[in-house]
2 protein chains.
Amino acid sequence: MAKQTSYTMRDVARLAGVSISTVSAVVNNKGIVGPELTAVVQKAIAAMHFSPHAGARGLRTGRTHMLGLVVQDITNPFFVEALRGVEDQAIEHGYEVLVCNSNDQSDLELRHLDALHTKRVDGILLAPTDSYAVRETLGRDRAPIVFIDCIPMKAKVNCVVTDNFDACYNGVRYLIELGHQRIAVICGRLTHSTSIDRVEGCRKAVQESNLVIREEHLRQGDSHIESGYRIGHSLLQSSDPPTAIFTLNNRMALGILRALTELKIPCPSRVSVMSFDDADWAEVVSPSLTTIAQPTYEMGTAAVDLLLRSIGPGPEQSELKPQQILLKSTLRIRGSTGPVSKS
Amino acid sequence: MAKQTSYTMRDVARLAGVSISTVSAVVNNKGIVGPELTAVVQKAIAAMHFSPHAGARGLRTGRTHMLGLVVQDITNPFFVEALRGVEDQAIEHGYEVLVCNSNDQSDLELRHLDALHTKRVDGILLAPTDSYAVRETLGRDRAPIVFIDCIPMKAKVNCVVTDNFDACYNGVRYLIELGHQRIAVICGRLTHSTSIDRVEGCRKAVQESNLVIREEHLRQGDSHIESGYRIGHSLLQSSDPPTAIFTLNNRMALGILRALTELKIPCPSRVSVMSFDDADWAEVVSPSLTTIAQPTYEMGTAAVDLLLRSIGPGPEQSELKPQQILLKSTLRIRGSTGPVSKS
DNA sequence: AACAGCTTTCGAAACGTTATGATGTCAACC
DNA sequence: GGTTGACATCATAACGTTTCGAAAGCTGTT
């Protein structure tokens, strides 16, 4: 018959004929229990399939060994890859990860943050949907936070991000070297530092060559295929279409590609396409997609490292100064970009 | 100065000038506290940003309001989509989800399962890597489990799966109707009920038309692009290549597509390609990919519903009989499949 | 006046751990 | 032979909730 409830240390202690404290000491490898007693206790533990109650332990120690990860959109492979990094690094250090998808809704994000606080996670990794909303809760005596992918405006906080400015600067320079002068940029929401920095990077490269990004060539999308498709159509059918399109997110690039096929515009001979974020299909899609690849997995692991450092070993809220870790991206040149067509 | 630790009900009680039990009653909306006192307490709660300590609560009530989700491979968009369903449905019912990626390693899977038990999650959703290994721990007095995507061999358990047999039967029938006679099938690991059922479905359709799947046309892959690519190469360069390739996983289809482009074999005019699992890129890739789409998100929500039902309202392990929920898939015909070439 | 039956509030005992200080044992030292 | 210290074990008090039964304050009935 199935037991209603698991065994406790009390049960183990009784079976082993020792005190509860001794069991506890064995479970936690304190190394202060004699070898023969240790063996007896371990046998009892094994026999009962005892496993300590993390809740009770957390109540006592103030540590839950759980980390919270809140992402804007788990549908985006970028965040999945980051999640992998986070999880691997977390379990490496004996932590579990509570994953929350805020689905691009700022209210849901706040609800998740509250829930994580209630669960008393030891730390939070946050790719914010709405950095303004989040900042308000920041001051409270909550778990330390590390931001990923995005720096909440002006705030001095721990974060791990790509060098977005640099990456875009280099990407656009590459396009310019191919001879492109009319470059369109499709960005994400401009409330995000991520988008802002990327656009700035593009601007810098363009300005250095005495070019500009025309007003009508800077578009804002929502990071889904559809929006790329829509914007692609509009861009390509305009009176003076760009010769290169730079998408700041790879799913939008898929939309562009679809628009191109539909309109029978050859790529890259007529229009080049380049995209932020690599993907496993980038190589396979036709034409294969030139991308700027972020070290996404490493972003996850680095964020956990930083977080764990700021959690510290004991319950003391060690006040280290906030760190911003900048990761380098790499340009992966493939088939979708080429020299500008002589028209 | 930041507090070391959050406020407790004791603090709230003191501030509101009431007893702890009263605070508890208010927090839990027991509806037994007078209106004016309720207001006072709520004010105190708000003022202190009090949030109850879930660990302590769980210790007392035996419920943690956490669900564990263990998947083989979070890299696979299929599981991400299921995860979305799980999460949405979970928070809908006031649960959080602890996500674990077992990375196709059975030992890691068991470690996750142990960790979840230690955390005393109220229930577990499991897409098993190794259903044999898992079954051993099953009997113990642990949280109820619902399997997703895969039925652990012969065991009578709760699960939510696609009607894999049926889906493949229909898919292959469609290929046969197009005139294909030499159909290759690339399956996943045959220790999985999923793979087995799918292959059986293919076999049935083929046999009904007095055809066979040749030995050398039934290959086993590992669900990653590379393996599709490798197998594709080998299949296409064999002396008597198939006219249609059916991949039981969509990333392998990407590999096939790459092999086709590389070998300059036109699709679908020379070889048709069909794949299990839909993807957002399926429409965009060229040729667009014919797929069998599983209702993945619904698989997640249905699994949570089933799990929550078997958790029941109280701590009593309600012994409902195990249910197997079968979901229907749909065939999405696109550009990668066509009539067999007259050779 | 005494009591019964409500309703509202409270006190105290769990829940399963860990940590601290106390107790007991034994060997070694003067 | 006592004192010291080192070591191994234990009893007990937290940790922050929920829950149960008791207490207190009413209203209405006998």
Side-chain angles (χ1 to χ4, degrees), chain A residues 3-42 44-45 48-66 117-120 122 141 313-315, chain B residues 3-42 44-45 48-66 117-120 122 141 313-315:
Chain A
K3 298 281 176 312
Q4 302 281 86
T5 161
S6 300
Y7 290 108
T8 76
M9 283 193 171
R10 216 215 206 17
D11 302 316
V12 176
R14 189 148 32 217
L15 178 62
V18 299
S19 79
I20 298 184
S21 344
T22 305
V23 176
S24 172
V26 170
V27 168
N28 296 54
N29 289 315
K30 290 265 189 244
I32 59 168
V33 178
E36 58 292 324
L37 249 202
T38 301
V40 171
V41 172
Q42 276 168 345
I45 288 175
M48 307 177 108
H49 293 126
F50 166 78
S51 93
H53 188 296
R57 177 180 282 181
L59 178 57
R60 188 58 237 255
T61 61
R63 300 255 86 113
T64 57
H65 284 265
M66 292 194 296
H117 177 54
T118 279
K119 292 279 191 295
R120 297 294 191 277
D122 292 338
D141 56 350
Chain B
K3 299 279 176 313
Q4 303 282 84
T5 163
S6 300
Y7 289 109
T8 76
M9 282 193 171
R10 213 219 211 12
D11 302 316
V12 176
R14 189 150 29 218
L15 178 62
V18 300
S19 79
I20 298 184
S21 345
T22 305
V23 176
S24 173
V26 170
V27 168
N28 295 55
N29 290 315
K30 290 263 187 248
I32 59 170
V33 178
E36 56 294 323
L37 248 203
T38 301
V40 172
V41 172
Q42 276 169 342
I45 288 176
M48 308 178 106
H49 293 126
F50 167 78
S51 94
H53 187 298
R57 179 180 281 181
L59 177 58
R60 187 58 237 254
T61 62
R63 300 255 88 112
T64 57
H65 284 265
M66 292 194 294
H117 176 54
T118 279
K119 292 280 192 293
R120 296 296 190 277
D122 292 338
D141 55 351

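Naming convention: chains lettered A, B, ... in sequence-line order (proteins, then strands); numbering from 1 in each chain.
Rounded to an integer number of Å, the gap from CG of A:Leu59 to P of C:dT18 is 11 Å. The distance from atom CZ of B:Arg60 to atom P of C:dA12 is 16 Å, rounded to the nearest whole Å. Computed from coordinates, the A:Asn29 CG to C:dT18 C1' distance equals 15 Å when rounded to whole Å. One can place NE2 of A:His53 at 12 Å from P of C:dC15, the figure rounded to the nearest angstrom.
Residues B:Val18 and B:Arg120 both approach DNA chain C. Their nearest nucleotides, taken by heavy-atom distance, put B:Val18 toward the 5′ side.
Looking at A:Lys119 and A:Thr64, their side chains never come closer than 4.5 Å, going by heavy atoms from C-beta outward.
Residue pairs that meet the salt bridge (charged side-chain N to carboxylate O under 4.0 Å, His left out) test with at least one member in residues 15-29 of chain B, sequence neighbours left out, do not exist here.
Qualifying ring pair (Phe, Tyr, Trp, His ring centres under 6.0 Å) partners for A:His65, counting only residues two or more places apart in sequence or in other chains: A:Tyr95.
Of all heavy-atom pairs spanning A:Met9 and A:Ser24, the tightest one is CE-CA, 3.6 Å. The shortest non-hydrogen separation linking A:Asp122 to A:Arg63 is OD1-CA, 3.6 Å.
Mapping heavy-atom proximity under 4.0 Å, the span of DNA chain D touched by chain B runs 5' to 3' from D:dG16 to D:dT19.
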Anything under 3.5 Å between a donor and an acceptor, one on a side chain of residues 48-55 of chain B, the other on a protein residue two or more places apart or in another chain? List them.
residue, atom, partner, partner atom, Å
B:His49, NE2, A:Arg140, NH1, 3.3
B:Ser51, OG, A:Thr118, OG1, 3.4
B:Ser51, OG, A:Arg120, NH1, 3.2
B:His53, ND1, B:Gly55, N, 3.1
B:His53, ND1, B:Ala56, N, 3.0

Exercise answer: donor-acceptor pairs, residues 11-22 of chain A side-chain atoms, under 3.5 Å, sequence neighbours excluded:
residue, atom, partner, partner atom, Å
A:Asp11, OD2, A:Thr8, N, 2.8
A:Ser19, OG, A:Ser21, N, 3.4
A:Ser19, OG, A:Thr22, N, 3.3
A:Ser19, OG, A:Thr22, OG1, 3.1

Find every protein N or O atom lying less than 3.5 Å from an N or O atom of nucleotides 23-25 of chain C, and list the pairs.
none

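Of the inter-residue distances, the one linking A:Leu37 atom CG with A:Ile32 atom CD1 reads 11.5 Å to the nearest 0.5 angstrom.
Interface residues of residues 30-38 of chain B facing DNA chain D, ordered by number: B:Lys30; criterion, heavy-atom separation under 4.0 Å. Within residues 20-28 of chain B, the residues that have a heavy atom under 4.0 Å from DNA chain C are, in order of number, B:Ser21, B:Thr22.
With the end axes of the helix from C:dA1-D:dT30 to C:dC30-D:dG1 each set by five pairs, the angle from one to the other reads 80° at 10° resolution.
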